[in-house]
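These notes are about the structure you will find just below.
Throughout, residue positions are numbered sequentially from 1 according to the sequence presented. All figures in this text were calculated on a predicted structure; none of them were measured in a lab.
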Amino acid sequence: MNWTGIAIDIGIVLYILTILAIIYTIILENRNPVRTLAWILVLVLAPGVGLFFYIYFGMNYRKIKMFSMKGLGDFKWLQYMSEDQKQRIKKAELLKKEDMEAVKPLMTLLLNNSKALLSRNNTIEILNNGEATFGSIFKAIAKAKKYIHLEYYIIDKGELGEKLKELLIAKAKEGVEVRVIYDDVGSWKLPKRYIKEMQAAGIQIYPFLPVRFPLFTNKVNYRNHRKIVVVDGDTGFIGGLNFADRYLHGLPGIGIWRDTHLKVKGEAVTSLQVVFLFDWYFVRQELLLNKAEYLPNKKVDGNVVVQTVASGPDSDWTSIQQAYFTLINMAKKYVFISTPYFMPGETTINSLKPAAMSVDVRIMIPYKSDSLLTHWCTRSYVEELLEAGVRVFQYRKGFNHSKVIVMDGLVSSVGTANMDIRSFEQNFEVNLIIYDRNVSRQLGSDFLDDLKGSSEISIHRWKFRPKRDKIRESLARLFAPLL
């Protein structure tokens with residue numbers, strides 16, 4: 001009897017049954033029909049390879065609750081506060097400032113989809129580019145007396161990384177508590193020696209979702225893209241800049257790195273702290289959310305209203321995508337959008353097109369990018385935007401990595417989320433929604449200044465771009481869900 005042949009036949013049957021079971025599951029998930037058909041075709045036409053790609057890139061972890069609020073479930077305090085704020089919004093108790101009534105739907109949406117708490121007593125300082133941002137962060141860390149909480153997608157060796165390490169070690173030796181979370185994929189170049197030196201000084205530093213074959217490799221596509229610094233519960237930082245030298249000095253052949261970061265003081269720092277502490281619990285299974293010293297809720301003289309929105313595979317809704325969608329549709333005058341990677345999916349595209357037919361919609365994308373594939377994929381969306389009346393600009397004074405939206409000089413968003421499918425559905429992200437005219441006008445002014453270093457794309461010239469460019473764009477767009 002040919003046992004080898006029988007084993008092969010059994011293996012083939014089991015593989016076919018596995019593929020059929022996966023196809024059945026995909027159909028029941030009621031995804032976008034185009035995506036569903038695409039995955040079915042990949043599984044059927046590319047045996048083995050298709051199954052590998054589906055396991056690592058296609059499984060819907062939001063649906064199957066792999067992260068399940070990263071082990072904590074719904075934190076009761078957060079649940080209570082969000083319900084209380086929704087009631088107060090209805091009674092206009094949180095809407096004392098001018099024009100706040102107009103943004104009530106957005107506030108309520110974010111309380112419902114992500115329990116994004118509102119805070120009123122804040123100040124916001126806009127930090128443009130690496131020099132201002134890193135200088136301010138290092139200055140705040142140097143003044144720390146109690147603790148430093150730092151969470152970053154990329155911490156890299158080099159000038160910035162070494163300075164950060166030396167400063168954190170010095171503070172740890174002074175008795176300051178230092179906790180660091182770094183993304184295991186984003187910080188893959190970080191040497192073990194770097195980590196051991198920090199640990200030897202008493203710093204608690206841990207990777208987010210470490211990728212070790214074969215364990216956890218099915219989570220390689222779900223990364224922590226957040227950039228958060230909290231010092232003593234008093235000062236917080238959030239934005240697009242990572243701790244790598246290119247964010248300070250730029251890139252050869254591309255130029256300076258243009259980015260936007262925020263320095264926050266006031267009650268919103270506590271909200272950033274909550275995001276960090278949820279992630280810390282996931283990484284270390286250490287609950288710090290019930291300790292008053294980490295949730296001080298400090299007030300300042302400022303009156304900027306802020307809502308801190310976190311999203312990721314652990315949440316029921318694509319909350320940041322819904323925030324962007326709502327911001328665009330609320331506009332009465334204009335929407336300014338700056339994003340380094342524009343691969344938004346149909347939902348966002350279908351909000352931009354009708355908006356551009358009634359208000360001034362401008363999108364700024366880089367002329368040159370640090371990623372060739374995303375560069376061509378971003379370009380693939382330009383023509384349909386132009387046809388709908390969206391004004392598209394290419395930033396030429398380097399690489400614009402800012403993630404900013406400004407609506408009517410009234411509301412703005414700054415944070416870590418790009419306008420792409422990965423940020424909306426796969427990454428752990430965090431943004432600040434800022435309900436303040438002064439901050440929004442300043443961000444709008446910065447956007448207009450960036451336009452001076454940009455070129456507007458003409459629809460007539462764009463339609464006659466080389467055919468080889470169109471082919472590259474179309475091929476790159478096929479990979480949009482993976483980028």
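The distance from the OG atom of Ser369 to the OH atom of Tyr341 is 5.0 Å, given to the nearest 0.5 Å. We find the OG-CD distance between Ser311 and Gln426 to be 11.5 Å, quoted to the nearest 0.5 Å. Rounded to the nearest 0.5 Å, atoms OG (Ser423) and NE2 (His225) are 5.5 Å apart.
In Tyr147, the OH atom is crowded: over 12 heavy atoms of neighbouring residues, nucleotides or ligands sit closer than 6.0 Å.
Within the structure, no pair that satisfies the salt bridge (Lys or Arg N to Asp or Glu O under 4.0 Å) test touches residues 363-375, not counting sequence neighbours.
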Please assess Phe243 against Tyr182 for the test ring pair (Phe, Tyr, Trp, His ring centres under 6.0 Å), listing each intermediate value before the final yes or no.
CA-CA 10 Å; Phe243 275 97; Tyr182 64 93; over 10 Å; no

Go through the steps for Asn242 and Tyr153 under the test side-chain hydrogen bond (donor to acceptor under 3.5 Å, both in side chains), then give the verdict.
CA-CA 7 Å; Asn242 287 289; Tyr153 177 60; over 6 Å; no

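Annotation: Phe282 is in aromatic contact with Phe208 [ring centroid separation under 6.0 Å].
Electrostatic pairing of Arg223 and Asp183 counts as a salt bridge here, judged by a charged N lying under 4.0 Å from a carboxylate O. Remark: Lys165 engages Glu162 in a salt bridge, criterion side-chain N to carboxylate O under 4.0 Å. The pair Arg465-Glu473 counts as a salt bridge, with a side-chain nitrogen and a carboxylate oxygen less than 4.0 angstrom apart. A salt bridge links Lys463 and Glu383; the closest N-O separation between the charged side-chain nitrogens and carboxylate oxygens is under 4.0 Å. Ion pairing of Lys291 with Glu177 is absent here, as no side-chain N (NZ or NE/NH1/NH2) approaches a carboxylate O to less than 4.0 Å.
Residue Arg226 comes nearest to Ala310 through the heavy atom pair NH2-CB, 3.7 Å, listed as atom of the first residue, atom of the second, then distance. Closest approach of Pro366 and Thr339 over heavy atoms only: CD-O, 3.7 Å. Pairing each heavy atom of Lys157 with each of Lys189, the nearest pair is CD-O, 4.3 Å.
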Under 3.5 Å, side-chain donor or acceptor atoms of residues 135-143 against the rest of the protein: list the pairs with distances, not counting sequence neighbours.
none

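Looking only at distances, a side-chain donor or acceptor of Asp408 sits under 3.5 Å from a matching main-chain atom of Tyr334.
In this structure, Arg362 is not positioned above the aromatic face of Phe447 in the sense of NZ or CZ being under 6.0 Å from the six-membered ring centre and within 45° of the axis.
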